[in-house]
Protein chains: 2
Amino acid sequence: MERRTAQRESIQQVFARFNRPLSPQEVLKEARRRTPRLGLATVYRAIRALESEGRLHAVTISGQSPRYEWCDASHHHYFHCAACDQVFKLEGCADNLDRLVPKGFKIEGHEIMLSGKCPACRNPRR
Amino acid sequence: MERRTAQRESIQQVFARFNRPLSPQEVLKEARRRTPRLGLATVYRAIRALESEGRLHAVTISGQSPRYEWCDASHHHYFHCAACDQVFKLEGCADNLDRLVPKGFKIEGHEIMLSGKCPACRNPRR
DNA sequence: ATCTCTGCAAAGGCTTTGCACATAG
DNA sequence: CTATGTGCAAAGCCTTTGCAGAGAT
């Protein structure tokens, strides 16, 4: 049976508080504010468990280790700023993706990652 | 100055022959048919060099190590079969991606990864 | 002959695992 | 009390690097 522990609480709180994709290291750092002796292995174990329960999902940027994010009801895509390396969540979804695949393929999911410059990096003065 | 070696030839041939994203391991295995003593480090070095020359580019599937593919002139997207793990190249490109980002963001690139079942896996009999 | 490239093995990241102790139920 | 969860350290991937020798020019 699954137990409720201080560590898991802290980890889940971090995902809840930051509403964006976080790396295991970021999670560790933040969760340690509440649970100082927390170990990285526990973070990985918690992430894996939450992911397989479908409560967390991975967001990957080409060439980087995955970051994880709370699944909310909605489906969205991301924008990766090439300058500050932050990932932003976008509203809305592309349509007409069906026309990209030849006959016979069955689309069950899709991911879209936009990249470029975020407003802050685009306009550094002010 | 850059030298022409049997190893690099073999590696480039592999990318040319398979017209799809390949992992370093796959490249090693195939290139060794022609250059048996080829080492994995050499494959990585060649990939890195070709990538920074802009002749090869990385394709990443969430949670997997990157695969690399020859850059041809055109831009395309991919379909990842959840059953056989193969990656297929797609023709065409989504449009209207601009509407996904709020004002102030500058889109410089995008990646789309569709997933599901390829024709072969969808219809295993025959 | 020179200077780059290669193979090998060692070293580096990130992630997972083994194990004894801690602790929720 | 008992079985799951945790921290630590070790082990496992994948990728990069150091180095001496091989090979292209």
Side-chain angles (χ1 to χ4, degrees), chain A residues 1-16 18 20-69 80 85-87, chain B residues 1-15 18 20-53 55-69 80 85-87:
Chain A
M1 186 231 137
E2 182 170 294
R3 291 176 186 179
R4 207 158 206 287
T5 66
Q7 289 86 335
R8 289 179 187 174
E9 295 279 287
S10 306
I11 292 168
Q12 297 186 23
Q13 280 199 12
V14 170
F15 282 112
F18 291 73
R20 60 179 184 86
L22 300 170
S23 67
Q25 283 293 349
E26 287 179 290
V27 174
L28 179 68
K29 183 173 162 246
E30 290 300 325
R32 270 186 171 163
R33 292 159 171 271
R34 283 183 163 265
T35 319
R37 309 214 11 142
L38 181 62
L40 183 55
T42 299
V43 173
Y44 277 103
R45 284 188 276 235
I47 287 174
R48 191 147 37 116
L50 290 168
E51 190 183 17
S52 66
E53 287 171 33
R55 306 220 285 137
L56 213 58
H57 72 114
V59 178
T60 307
I61 290 162
S62 196
Q64 298 192 359
S65 296
R67 307 174 192 213
Y68 297 86
E69 178 192 53
H80 176 228
D85 199 41
Q86 268 214 38
V87 175
Chain B
M1 185 230 139
E2 182 170 294
R3 293 176 184 178
R4 205 159 206 285
T5 66
Q7 289 86 335
R8 289 179 186 175
E9 294 280 286
S10 306
I11 292 168
Q12 295 187 23
Q13 279 198 13
V14 171
F15 282 113
F18 293 72
R20 60 178 184 85
L22 301 170
S23 68
Q25 282 293 347
E26 287 179 290
V27 175
L28 179 69
K29 182 171 163 248
E30 291 300 326
R32 270 186 171 162
R33 292 159 172 271
R34 283 183 163 264
T35 319
R37 308 212 14 141
L38 180 62
L40 184 55
T42 300
V43 173
Y44 276 103
R45 285 187 275 233
I47 288 175
R48 192 144 39 114
L50 290 167
E51 191 183 17
S52 67
E53 287 170 33
R55 307 221 285 137
L56 214 57
H57 72 114
V59 178
T60 308
I61 291 160
S62 195
Q64 298 191 0
S65 296
R67 307 173 192 213
Y68 297 85
E69 179 192 52
H80 176 228
D85 199 40
Q86 270 212 39
V87 175

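Sequence lines set the chain letters: A, B, ... in the order given, protein chains first and strands last, and positions in each chain run from 1.
- Shown here are the side-chain contact (heavy atoms from CB on, under 4.5 Å) partners of A/Gln13, two or more places apart in sequence or in another chain: A/Arg34.
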Pairs: protein N or O with nucleotides 18-21 of chain C N or O, under 3.5 Å:
{"from": "C/dG18", "atom 1": "O6", "to": "A/Arg45", "atom 2": "NH1", "distance (Å)": "3.4"}

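- Between the CZ atom of B/Arg67 and the OG1 atom of B/Thr60 there is a distance of 9.5 Å, given to the nearest 0.5 Å.
- Straight-line distance from the CD atom of A/Gln12 to the C1' atom of D/dG5: 14 Å, rounded to whole Å.
- The distance between atom CZ of A/Arg48 and atom P of C/dC14, rounded to the nearest whole Å, is 18 Å.
- Dashed line: the shortest gap from a side-chain N or O of B/Gln64 to OP1 or OP2 of D/dC14 is not under 4.0 Å.
- Side-chain contact between B/Val43 and B/Gln25 is absent, with no heavy atoms from C-beta onward closer than 4.5 Å.
- Atom OG1 of A/Thr5 and atom CD1 of A/Ile11 lie 7.5 Å apart (nearest 0.5 Å).
- The side-chain contact (heavy atoms from CB on, under 4.5 Å) test applied to A/Arg45 returns A/Ala41, A/Thr42, not counting sequence neighbours.
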Margin query: Protein within reach of the bases, or only the backbone? For nucleotides 20-25 of chain D, mark each nucleotide 5' to 3' as B, S or -, using heavy atoms under 4.0 Å.
Written below: ---BBS

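- In this structure, the CZ atom of B/Arg37 is 14 Å from the C1' atom of C/dA9, given to the nearest Å.
- Nucleotide C/dG7 holds its P atom 8 Å from the CZ atom of B/Arg32, rounded to whole Å.
- Distances shorter than 4.0 Å separate some side-chain N or O of B/Gln7 from OP1 or OP2 on C/dG7.
- For the atom pair B/Arg20 CZ and B/Gln86 CD, the distance stands at 4.5 Å (nearest 0.5 Å).
- Partners of A/Ala58 by side-chain contact (heavy atoms from CB on, under 4.5 Å), not counting sequence neighbours, listed by chain and number: A/Glu51, A/Pro66, A/Tyr68, B/Ser62.
- Atoms CD1 (B/Ile47) and P (D/dC14) sit 13 Å apart, rounded to a whole Å.
- Atom CG of A/Leu56 sits about 9.0 Å away from atom CD of A/Gln12, to the nearest 0.5 Å.
- Side-chain atoms of A/Arg55 never come within 3.5 Å of backbone atoms of A/Leu50 as a donor-acceptor pair (strictly under, hydrogens ignored).
- Using a 4.0 Å cutoff on non-hydrogen atoms, no part of residues 49-61 of chain A comes near DNA chain D.
- Put simply, the side chain of B/Thr35 never gets that close to the backbone of B/Arg32: no donor and acceptor are under 3.5 Å apart.
- Atom CG of B/Leu38 and atom P of C/dT6 are 8 Å apart (whole Å).
- Neither OP1 nor OP2 of D/dC14 sits under 4.0 Å from any side-chain N or O of B/Ser65.
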